[in-house]
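Since we're looking at a predicted model, the values are computed, not measured. Just so it is clear: chains get the letters A, B, ... in the order the sequence lines come, proteins before strands, and each one is counted from 1.
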There are 2 protein chains.
Amino acid sequence: MFSHTVEYALRAVAALAEDWERPHAVQKIAERTKMPNDYLAKVMQALCRAGVVRAIRGRHGGYQLEQAPEKLSLLDVINAVDPIKRIERCPLGLSGHGANLCPLHRRLDDAIRETENAFRYTNLGELLQSTGPVRPLCPIEQTGSLINVAF
Amino acid sequence: MFSHTVEYALRAVAALAEDWERPHAVQKIAERTKMPNDYLAKVMQALCRAGVVRAIRGRHGGYQLEQAPEKLSLLDVINAVDPIKRIERCPLGLSGHGANLCPLHRRLDDAIRETENAFRYTNLGELLQSTGPVRPLCPIEQTGSLINVAF
DNA sequence: GCTCAATCGGACATCTTTGTCCAGCTTAAA
DNA sequence: TTTAAGCTGGACAAAGATGTCCGATTGAGC
């Protein structure tokens, strides 16, 4: 239901959010999040243009979140790379409807709106903090030991 | 959020549902629903293979719903052409997680599940019958007069 | 049996998404 | 000032989604 690009963007910001006040190189993020390096580079550029992350060029540069994870909603990230489009008007282009959708498109748009809201009201900070009965963080193997990361 | 193919499939079954006990030719459906004739033909074949509609070949043939509109959910239609995929396991392929999703993917999957349910519990019959304060059916111009159709 | 309307299904064209490659620019640090 | 790490952006390749075309096949009605 969501594009690869969205999935990648979310993984990337989740990785940045763990230590958001310093820059992380694309290559490091790519290793961490197991996605194609060069494609991630494009995604990061998009996130940068959208103001979600900041690019620090030059040696020891990289990308870092523009704001604290608590201030960044999942919807911000999604809309930065692959905006969720509500159904504004009759897709059949029937004249004289304006915003009056038929029952079918009303249902579809309702579902889109619910999804939009679910992501609007979830911020990155929550995801990092969340703990539950079932272990919430994915462990990842790194140089022999297990550490918790945010996906 | 939904593919063109899904949109087309839904329009098509909505058109069939209005008079579901007789076959409708692809060309008629295409005119009615304003979509490309030949592409619709492919979509209808998919719906047929999935058991949503029945094909009647030969002269005076066409497609008709396999069941009454009340028995067909929007999810049936969607899954016939472009299945909604839940997130079953960690997309990063991290070992040792099984069904334990991290908070990010849990959120994503929750949203997908909600969407799935919204469509699972809406049937075509409801859409045709629904009347509300705002006019629920799209009027479509046909040979000079206005008639109501289900989109 | 013949004809014609209609589906069937393969081939192909086009566009978008995803993924790759690389030369050039920027900047920290030696 | 030189070097190397790292982003920038253009070009391009591969794959999938969408759209088009057309001959083959089916079956109702004459």
Side-chain angles (χ1 to χ4, degrees), chain A residues 1-13 15-16 22-66 78-85 91-92, chain B residues 1-13 15-16 22-66 78-85 91-92:
Chain A
M1 201 164 84
F2 302 106
S3 68
H4 274 195
T5 303
V6 161
E7 162 81 24
Y8 290 159
L10 288 169
R11 283 191 211 173
V13 294
L16 292 182
R22 62 186 190 81
H24 301 258
V26 166
Q27 196 182 336
K28 300 291 184 190
I29 305 172
E31 283 167 15
R32 201 68 172 292
T33 57
K34 298 190 187 301
M35 52 176 138
N37 198 308
D38 290 325
Y39 192 63
L40 174 58
K42 301 296 186 195
V43 174
M44 295 311 297
Q45 283 180 40
L47 289 173
C48 191
R49 279 192 293 272
V52 170
V53 301
R54 172 190 313 166
I56 288 104
R57 301 182 63 166
R59 205 179 182 186
H60 295 165
Y63 289 96
Q64 73 180 70
L65 292 188
E66 193 68 57
I78 293 171
N79 281 343
V81 295
D82 195 2
I84 291 181
K85 291 182 194 66
L92 284 80
Chain B
M1 203 162 82
F2 303 105
S3 66
H4 275 194
T5 304
V6 161
E7 162 81 23
Y8 289 160
L10 288 170
R11 282 191 212 173
V13 293
L16 291 184
R22 63 186 190 82
H24 301 259
V26 165
Q27 195 182 336
K28 300 291 183 189
I29 305 171
E31 283 167 15
R32 201 68 171 291
T33 57
K34 298 190 186 301
M35 52 177 135
N37 198 309
D38 289 325
Y39 192 63
L40 173 59
K42 301 297 186 194
V43 173
M44 295 312 296
Q45 283 180 42
L47 289 172
C48 192
R49 279 191 294 272
V52 170
V53 301
R54 173 190 312 166
I56 289 104
R57 301 184 63 168
R59 205 176 181 190
H60 296 165
Y63 290 97
Q64 74 180 71
L65 293 188
E66 191 69 57
I78 293 171
N79 281 344
V81 295
D82 193 0
I84 290 181
K85 291 183 194 64
L92 283 81

_Please determine whether a side-chain nitrogen or oxygen atom of B/His24 lies at a distance below 4.0 Å from atom OP1 or OP2 of C/dA6._
no

*asked:* As a test of reading the structure: which of C/dA11, C/dA6, D/dG9 is closest to the side chain of A/Lys42, going by heavy atoms?
replied: D/dG9

*Specify the separation, in whole Å, of atom CG of A/Asn37 and atom P of D/dC7.*
9 Å

*Residue whose nearest DNA chain C nucleotide is more 5′ - A/Gly58 or A/Pro36*: A/Pro36

_For atom OH of A/Tyr63 and atom P of C/dT26, their distance in whole Å_ = 15 Å

*asked:* So A/Gln27, base contact, sugar-phosphate only, or nothing? Heavy-atom distance under 4.0 Å.
replied: nothing

*Distance check: side-chain N/O of A/Tyr8 vs OP1/OP2 of C/dT18, anything under 4.0 Å?*
no

*If you find the nucleotide of DNA chain C closest to B/Ala25 and the one closest to A/Leu40, which residue's nucleotide is nearer the 5' end?*
B/Ala25

*Which nucleotide in the list C/dA29, C/dG19, D/dA11 gets nearest to the side chain of A/Tyr39?*
C/dG19

*asked:* Heavy atoms from C-beta onward define the side chain here; which of D/dT8, D/dG10, C/dT7 lies closest to that of A/Ala55?
replied: D/dT8

*Distance check: side-chain N/O of B/His60 vs OP1/OP2 of C/dA6, anything under 4.0 Å?*
no

_Among D/dC21, C/dT18, D/dT18, which nucleotide has an atom closest to any side-chain atom of B/Thr5?_
D/dT18

*To the nearest Å, how far apart are A/Met1 CE and C/dT17 C1'?*
18 Å

*Rounding to a whole Å, what distance do you find between B/Ile29:CD1 and C/dT7:P?*
7 Å

*Taking the side chain as C-beta and beyond, is there a heavy-atom pair between A/Pro91 and B/Lys34 under 4.5 Å?*
no

_From the set C/dC8, D/dC22, D/dT8, return the single nucleotide nearest to any side-chain atom of A/Gln45._
D/dT8

*Find the distance A/Arg54:CZ to D/dT8:P and express it as a whole number of Å.*
13 Å

*How close or far is atom P of C/dT17 from atom CG of A/Asp82, stated in whole angstroms?*
7 Å

*Is a side-chain donor or acceptor of A/Arg11 paired with a backbone partner of A/Thr33 at a separation under 3.5 angstrom?*
yes

_Rounded interatomic separation in angstrom, taking CZ from A/Arg59 and P from C/dA29_ = 8 Å

*Over how many whole Å does the gap from B/Asp38 atom CG to D/dT20 atom C1' extend?*
6 Å

_Residue of the set B/Met44, B/Glu66, B/Gln64 for which side chain to side chain contact (heavy atoms under 4.5 Å, CB included) holds with B/Val53_ = B/Met44

*Could you work out which one of C/dT26, C/dC8, C/dC21 sits closest to the side chain of B/Arg57?*
C/dC8

*Close side-chain approach of A/Tyr63 and A/Gln45, heavy atoms under 4.5 Å*: yes

_Any donor-acceptor pair under 3.5 Å from B/Asn79 side chain to B/Ile84 backbone_ = yes

*Decide side chain to side chain donor-acceptor pair (under 3.5 Å) for A/Tyr8 and A/Ser3; before the verdict, give the C-alpha distance in whole Å, the side-chain angles of both, and the deciding distance to 0.1 Å.*
CA-CA 9 Å; A/Tyr8 290 159; A/Ser3 68; over 6 Å; no

_Which is more 5' along DNA chain D, the nucleotide nearest B/Ser3 or the one nearest A/Lys28? Just name the residue._
A/Lys28

